[in-house]
Amino acid sequence: MDCLFCSIISGEIPSTKVYEDDEILAFKDINPLASVHVLIIPKKHISGINEITSENAEIVAKIFTKIPEITRILSVNESGYRVVSNCGKDGCQSVNHLHFHILGGEKLSEKMC
Ligand code: 5GP
Ligand code: ZN
């Protein structure tokens, strides 16, 4: 399967990792939209939010359970941050591998979009 984030997980495409374990990877976004911009992804390929099911939802819980630790590593846990996941065409999802953006390190726009 030709998937950019699967290639990042395999190491075929390099990335700046900030957290990794057996099931998830967090790495810096190549085109940061805030002074801290990290993507958290499951290592198992899931195309996006529409593909979350009761069978694979555990990994989503795992990602959210790790967000406090990852944001501590990024030093934004106290100052605050935003978690975003784009889905589909109108959501402007550009990579079809489920990912959660962590944005912070500065005061973000009060507008969500
Ligand atoms: P989406 O637009 O699907 O919500 O988010 C995809 C994100 O992946 C974008 O913010 C984009 O900058 C990031 N991205 C695209 N290609 C690469 C890459 O090769 N390496 C890294 N680290 N991020 C990438
Ligand atoms: Zn993938």
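This one's a predicted model, so the numbers in the text were calculated from it and none came from an experiment. Order of listing sets the numbers, starting from 1, for every ligand and every atom in it. Positions are given from 1 along the sequence.
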Among all protein heavy atoms in this structure, tell me which lies nearest to [atom], with the distance rounded to 0.1 Å.
atom                    : value
atom 3 (O) of ligand 1  : S94 N, 2.7 Å
atom 9 (C) of ligand 1  : D29 OD2, 3.3 Å
atom 5 (O) of ligand 1  : H99 NE2, 2.9 Å
atom 16 (N) of ligand 1 : L4 CD2, 3.2 Å
atom 14 (N) of ligand 1 : I30 CG2, 3.8 Å
atom 22 (N) of ligand 1 : K28 O, 2.8 Å

Is the closest heavy-atom distance from S15 to ligand 1 below 4.0 Å?
-> no
Is there a donor-acceptor pair closer than 3.5 Å between any side-chain N or O of [X] and the backbone N or O of [Y]?
X   : Y    : answer
E12 : S7   : no
S35 : G105 : yes
E51 : I46  : no
D29 : L39  : no
K43 : D21  : yes

Could you list the atoms of ligand 1 found under 4.0 angstrom from a heavy atom of [X]?
X   : result
V95 : 3 (O), 6 (C)
F27 : 21 (C), 22 (N)
N31 : 12 (O)
I8  : 20 (N)
Q93 : 3 (O)

Between [X] and ligand 1, which residue portion shows a heavy-atom distance shorter than 4.0 Å: side chain, backbone, both, or neither?
X   : result
F5  : side chain
V84 : neither
T16 : neither
C92 : backbone

Does the side chain of Y19 come within less than 4.5 Å of V38's, by heavy atoms?
-> no
Centroid-to-centroid, F100 to F64, below 6.0 Å?
-> yes
Taking the six-membered ring for Trp, are H99 and H97 ring centroids under 6.0 Å apart?
-> no
Note: K62-E23 ion pair, threshold 4.0 Å (strictly below) | yes
Check ion pair E78-R72 (N to O, under 4.0 angstrom) = no
ang(SG C6, the Zn ion (ligand 2), ND1 H97) rounded to 10° is 110°
Specify the closest pair of heavy atoms between L103 and L108, including all atoms of both residues, with the distance to one decimal.
-> O-CD1, 3.6 Å
Taking the Zn ion (ligand 2) as the reference point, name the nearest N/O/S atom of H45.
-> ND1
